[in-house]
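Taking it in order: structure first as structure tokens, then the write-up.
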Amino acid sequence: MSADQPSRNPDPSAPPHRYTAALADAIETRWQQRWEAEGAFRQPNPGEPGFDAARPKFYCLDMFPYPSGAGLHVGHPEGYTATDIVCRYRRMHGFNVLHPMGWDAFGLPAEQYAIQTGVHPVLTTRRAIDNFRRQLKRFGFCYDWSREFGTVDEDYYRWTQWIFLRIYGSWYDAERGRARPIEELVREFESGEREPCLNPNAAEYTGAGDIASDKPVMPWSQMHDDTRRMIVDSYRLAYVGAQTVNWCPKLGTALANEEVIDGRSERGGFPVFRKPLRQWMFRITAYAERLLRGLDTVDWPESTRTQQAEWIGRSDGAEVEFEIPGTLPLRVFTTRPDTIFGATYMVVAPEHPLVDAALDYPGPETDVDALRAYVQAARNRSDVERQESREKTGVFTGVYVRNPATGERIPVWTADYVLMGYGTGAIMAVPGQDQRDWDFARAFGLPIVRTVQPPPGFGDEPYLGDGPAINSDFLDGLHVAEAKQRIIAWLEEKGVGRRRVNYRLRDWLFSRQRYWGEPFPIVWDERGRHHPVADDALPVRLPELADYQPVESDEPVPLLAKATGWLRTTAGEAGVRTLPPDAPVTREANTMPGWAGSCWYYLRYCDPRNAERFVGEAAERYWMQGTPPLRGGSVSTSPSAPPSANGAGGVDLYIGGAEHAVLHLLYARFWHKVLFDLGLVSTDEPFARLFHQGLITSIAFQRPDKTLVAIDQVDLVYCNAIPKDFDVGHGREDELLQLPSEVELAIYKAPTLKSTTQAEDEKQLVTVDRLTRAEIRWLQQDVFFYHESDSRLKRVDPTVAKMSKSLRNVINPDDVIAEFGADTFRLYEMYLGPLEAAKPWNPRDITGLFRFLQRAWRLIIDEETGEPRLTDGANGARSASECPSPDSPAANPIEKLLHRTIAKVGADVERLAFNTAIAAMIEFVNAATAAGGLTRSQADRFARVLAPFAPHLAEELWAKLGGRGFVSHAPWPDYDEAMLHDDEVEIAVQIAGKVRAKVVVPADADAARIESIALADAKVQEAIAARPVRKVIVVPGRLVNIVVG
RNA sequence: GGGCCUGUGGCGGAAUCGGCAGACGCGGCGGACUUAAAAUCCGCUUCCCCGAAAGGGGAGUGUGGGUUCGACUCCCACCUGGCCCGCCA
């Protein structure tokens, strides 16, 4: 703690052993050193010395941080404190606890920072990690730091690359519903068991709709090697595909849609083009159904499961073929095949092959110039731009198809509201039952036929609801669900359609043109074919690069292409066995995206130093599945062995932000399922229980027009003395504050983000009587003002806002720890409110938790001597003689309350309700203080209850009380169930729903007895006032409700 | 446009299964201690009305309806604030 930091209680006259910030700092750093020196939280693995197989396991994971140069913000310790409390609590219950921490350190921000400052990301990342580690250790979190690693460590990304190769070397067997090694596919082709044709389920081939149905022209053995390769590659779970991206030549990189504004880059304003780019893709779509179904097996927040399900976006419908005379049919996907009789025209995406065909071989009605102009304009527009305007645009292609249901010839249009990336890139337009089709038909004068009868009085708009079919031949009268079944059966019978499930999920674009990421373990030969680097040649190290400025180019050039010495090598040098050693090769110069490292880090924590395997089998099984370690050597896991029997399990508790609800959690599940299918991990899902901590927000101020005011941009004033019915003129911008004439304002700068008690010269706004100079305090209402630039005083309202640099409302955890200590910080964040809720940081409130720790300390420790001050057990008893044996308790209310506190805190920790657990401890300390103190046994047990929350203070108390070892290792105290119940309870008596009296009844009284006691009560009789009693409801232990006539 | 969440004193929040609304903390007010202040300790603190006080009465969990002996809690509609997804056929 630096000397100029403010600290609590600087008063030298305070007792020498008061719990001050300085004492907290001394206690906390001392215990942190002892924990570290003695390896207090080191958790051995099965088979290691000190491992206790008799204990149950608990794997509790935090989302590891991206170590930015800015250091921790207050959101990090929120989730980390929560898991820390649960881990400490479970450890005290005798669990083997795996509680690791590491660094998600590859990624864009470090690289951007390097570009700006010229400092290499290796250095900035190392510095940021050191700072994060220092900050986290200062919180006293019980991580097993011996398991720490970063995703940038060669020992780690070596295995990230290894897993990539496993995915690359796998295909998804749709019949068996799981991934298998690619060699098994090749064997099936060789044996003739499987027809050697392109993968019919490959997204990159289904768009056009034709290739997939091609039958093989020759057996596998006679195929050219390149043909075989193309077929095999079409099955790989990692494949090279062409994806249209936003390409910015000036920045030399592809940009996300969010980074492109009006066709220019958000940063720099450089032009951006849509360009197909050769990219590594993951066939995550193969897992769509598994990823969807798995959501039912995990204990996750409902909202997150819903979000993932919607992201996957399953829709059930049909694929229908519309005949085009003289060529292949146009295939569409629809969720409403029942409306096919109302399909009056077709629309294809501007990128659809049919459009190109129409341009190359225009029909008599094709307006080639208009079509070409429209298509070019549409293709160059980004998705974002396409969505900006809902105005329907489009051009007729000149092509007609035949509606298989009506037999009618209907026109094919192209329009950019149809997307090439979904379904088949073509739709049948049914304006009668679809808003978009309706709008389009209206705009271009196309016919509208209703095929579902709308309810009477329905307006001039498409009808999306249920109703009997009309104008639909044999479907007429059927409701939607039944009509769907009937028409699908009909389509299948006619051979022009089939039932089909479609997913919104797209394949995962996995390569970036950046420097600061994992290199791919792939090389390209001279003929442009990819080859894997052999497992034993890993890692493919990220080359040193002095210049990581983006490459300015019209053609995509990944940054690693600058490392020419690294880039061009030979197969032997690169460790590629599928080519002769002297064959020249070019390394894959793309890098993996930031998500890669976080897809499997939870597995590495189980066994982070393993040099032979990405995670040891026994360790993985023990921590992920809970299966006891197997004796007598290794288990055979042939890659093709079926997945282990149940596959249930995963990380027991995973806490992190909801911003990862979809991407990280979906990507990690995908990798995990591939590893599971290959028999490399033992569970089907990685995270059994997931929880999101809420965002910690801060304050900002809002002008009447709702614009936000940064807290230091204006001269803020804090006031709690405005008369409550005083109108401060909120409504008009230019209205000045007008106070009654006898009042003048004394205005001081407000200490908005510091605790008010520390502010000495930063006085609050007060109102002063002009005659007497006396301070006037009317009421308890917070009113805030600021000086506008014209120096007029105006009112602003405090509001909740995200912490941001621009609003100057960011809290630095280091400052808070310096002022109060880590234990207070931990308690404060946990006391703020429910863990999952968004909560505003209010510096004013921190002091309450600090005072609680002070009272807890003073309850047990004499502030003069620093030694325990304990009572003989008569505390709270009516008299010492009534309480013969110290903690026995019947007559000792503090003992009873302690039992209840132990029970309450334990139950609350289990349900992650830390705020109410802390409230219970505060109540206990207050009651015990009032009662005069605790016995040694009570103090001992209380220290253990406090330990998960304020571990440093608890260790200090424990040591002073003569406890052995660490309180962190002490068992959680027991409670006596009998102590939780009173002999007598006070229950409320309601007359007609209003509480009119309270009566005391024996706790075990039955309903009839309670009723008679209640009715006998004088107040009750008075309230009934001789009205007839209609009914009496008795809820034992709660209340009596008397219904009168 | 769709989906999800949210709304309780001056503030953060509590009420775990439909059963005494406001636990606990902050802030505020009053008191003790002190030359004084800070710190600490004690008491009061949802609002309104009556009362010197003890006490009594009424209202009350965003708004309006409903179910129920009883609703912060369940149902319907609406409003506020927030988050997510968006022409997904």
Side-chain angles (χ1 to χ4, degrees), chain A residues 8-11 13-15 18 20 301-304 306-307 310-311 313 315 317 332-336 347 386-387 389-390 392 415-419 421-430 434-437 439-440 502-504 658-659 661-662 695 697 720-721 724 755-757 760 777 779-783 798-800 828 831-834 836-849 851-852 854-855 858 863 907-908 911 913 915-916 918-923 926 929-930 986-990 992-995 998 1030-1033 1035 1037-1044:
Chain A
R8 316 299 302 164
N9 308 320
D11 178 12
S13 68
R18 170 157 293 175
T20 61
E302 188 60 40
S303 63
T304 301
T306 306
Q307 273 185 62
E310 285 175 358
W311 187 266
S315 18
V332 302
F333 173 73
T334 177
T335 55
R336 293 294 302 276
V347 186
R386 282 194 186 188
Q387 288 160 19
S389 165
R390 292 288 151 96
K392 291 287 178 288
D416 65 2
Y417 81 90
V418 173
L419 307 176
Y422 186 78
T424 64
I427 62 157
M428 63 175 208
V430 188
D434 184 282
Q435 184 68 52
R436 295 153 300 174
D437 297 344
D439 295 342
F440 192 84
N502 209 24
Y503 299 91
R504 191 153 71 185
E659 67 273 18
V662 175
L695 192 67
T697 53
N720 44 30
K724 71 179 158 76
S755 57
T756 51
T757 47
E760 287 179 14
R777 298 193 161 184
L779 245 222
Q780 25 172 268
Q781 187 185 6
D782 295 344
V783 184
T799 186
V800 167
Y828 171 66
Y831 191 65
L832 221 39
E836 69 276 17
K839 304 163 287 271
W841 179 281
N842 184 354
R844 218 197 229 170
D845 293 344
I846 304 172
T847 185
L849 283 305
R851 292 208 281 243
F852 160 61
Q854 266 187 335
R855 287 199 301 274
R858 191 161 45 232
E863 289 189 332
D908 282 354
R911 64 186 184 104
N915 53 337
T916 50
I918 293 168
M921 289 189 284
I922 293 173
E923 280 185 81
N926 290 348
T929 301
E986 186 188 64
I987 65 171
V989 183
Q990 297 181 334
K994 287 193 186 301
V995 178
K998 299 201 172 171
R1030 281 252 180 94
K1031 194 173 175 185
V1032 178
I1033 287 111
V1035 185
R1038 297 278 187 185
L1039 55 59
V1040 177
N1041 191 5
I1042 298 168
V1043 187
V1044 292

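Side chains included, hydrogens not; waters and symmetry mates left out as well; all remaining heavy atoms used.
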Write down the distance between CZ (A:Arg504) and P (B:rG86), rounded to a whole number of angstrom. 7 Å
B/S/- along nucleotides 15-22 of chain B (protein heavy atoms under 4.0 Å) is SB--BB--
Using the P atom on both, measure B:rC69 against B:rC50 and round to a whole Å. 37 Å
The side chain of A:Leu849 lies closest to which of these nucleotides: B:rU40, B:rA89, B:rG25? B:rG25
Comparing A:Arg858 and A:Thr334 on RNA chain B - which has the more 5′ nearest nucleotide: A:Arg858
Excluding sequence neighbours, so at least two apart, what forms ring pair (Phe, Tyr, Trp, His ring centres under 6.0 Å) with A:Tyr422? none
With sequence neighbours excluded, what pairs up with A:Tyr828 under the ring pair (Phe, Tyr, Trp, His ring centres under 6.0 Å) test? A:Trp841
Contacts of A:Pro834 meeting side-chain contact (heavy atoms from CB on, under 4.5 Å) (sequence neighbours excluded), chain-then-number -> A:Glu836, A:Ala837, A:Asn915
Glycosidic conformation of B:rC79, syn or anti, with 90° from 0 as the boundary? anti
Provide the distance between the two P atoms, one in B:rA71 and one in B:rA21, to the nearest whole Å. 10 Å
C1' gap between B:rG9 and B:rG62, integer Å: 15 Å
Determine the interatomic distance between C1' on B:rG22 and the same-named atom on B:rC75; round to the nearest Å. 26 Å
What distance, rounded to whole Å, do you find between the two P atoms, one in B:rG12 and one in B:rA23? 15 Å
B:rG25 phosphate, OP1 or OP2: any side-chain N/O from A:Tyr831 under 4.0 angstrom? no
Where does B:rG82 land, syn or anti, given syn is within 90° of 0? anti
Where the side chain of A:Trp311 is concerned, which of B:rA89, B:rG86, B:rA23 is the nearest nucleotide? B:rG86
Rounding to a whole Å, what distance do you find between A:Arg851:CZ and B:rU40:C1'? 10 Å
Across the strands shown, which category fits A:Asn502 at heavy-atom distances under 4.0 angstrom: base, sugar-phosphate, nothing? nothing
Expressed as a whole number of angstroms, how long is the span from A:Glu310:CD to B:rG3:C1'? 6 Å
Partner of B:rG27 under the Watson-Crick or G-U wobble criteria, both distances under 3.5 Å, comes out as B:rU45
Sticking with atom C1', work out how far B:rU45 lies from B:rU80, rounded to a whole angstrom. 29 Å
Nearest non-hydrogen partners of A:Lys392 and A:Arg436, listed with the distance: CE-O, 3.6 Å
With heavy-atom distances below 4.5 Å as the criterion, would you say the side chains of A:Arg18 and A:Arg858 are in contact? yes
side-chain contact (heavy atoms from CB on, under 4.5 Å) filter on A:Asn1041, not counting sequence neighbours, yields A:Gln990, A:Ile1033
Considering only the C1' atoms, how many Å lie between B:rU68 and B:rC74, rounded to the nearest integer? 10 Å
Here the distance between atom P of B:rG13 and atom CZ of A:Arg844, to the nearest Å, is 14 Å
Looking at every strand, decide which applies to A:Asp437 at a 4.0 Å heavy-atom threshold: base, sugar-phosphate, or nothing. nothing
5'-most contact on RNA chain B: A:Ala919 or A:Thr335, nearest heavy atom basis? A:Ala919
How would you list, by chain and number, every residue that makes a side-chain contact (heavy atoms from CB on, under 4.5 Å) with A:Thr916, sequence neighbours excluded? A:Lys904, A:Asp908, A:Arg911, A:Ala913
I'd like the P distance from B:rG19 over to B:rG70, given in whole Å. 14 Å
Expected output: side-chain A:Thr697 to main-chain A:Lys839 donor-acceptor under 3.5 Å: yes
Classify A:Ser315 by what it touches in the nucleic acid, base, sugar-phosphate, or nothing, heavy-atom distance under 4.0 Å. sugar-phosphate
Just compare B:rA89, B:rC87, B:rC69 and give me whichever is closest to any side-chain atom of A:Tyr417. B:rC87
Measure from the side chain of A:Asn926, starting at C-beta and using heavy atoms only, and say which of B:rG27, B:rC24, B:rC88 lies closest. B:rC24
Rounded to whole Å, NZ of A:Lys839 lies from P of B:rU8 at a distance of 16 Å
Heavy atoms, side chains only, cut-off 4.5 Å: are A:Ile1042 and A:Val989 in contact? yes
In whole angstroms, the gap separating C1' of B:rC84 from CD of A:Glu302 amounts to 15 Å
From CD of A:Glu923 across to C1' of B:rG25 the rounded distance in Å is 11 Å
Please report, rounded to the nearest Å, how far the C1' atom of B:rG56 is from the NZ atom of A:Lys994. 15 Å
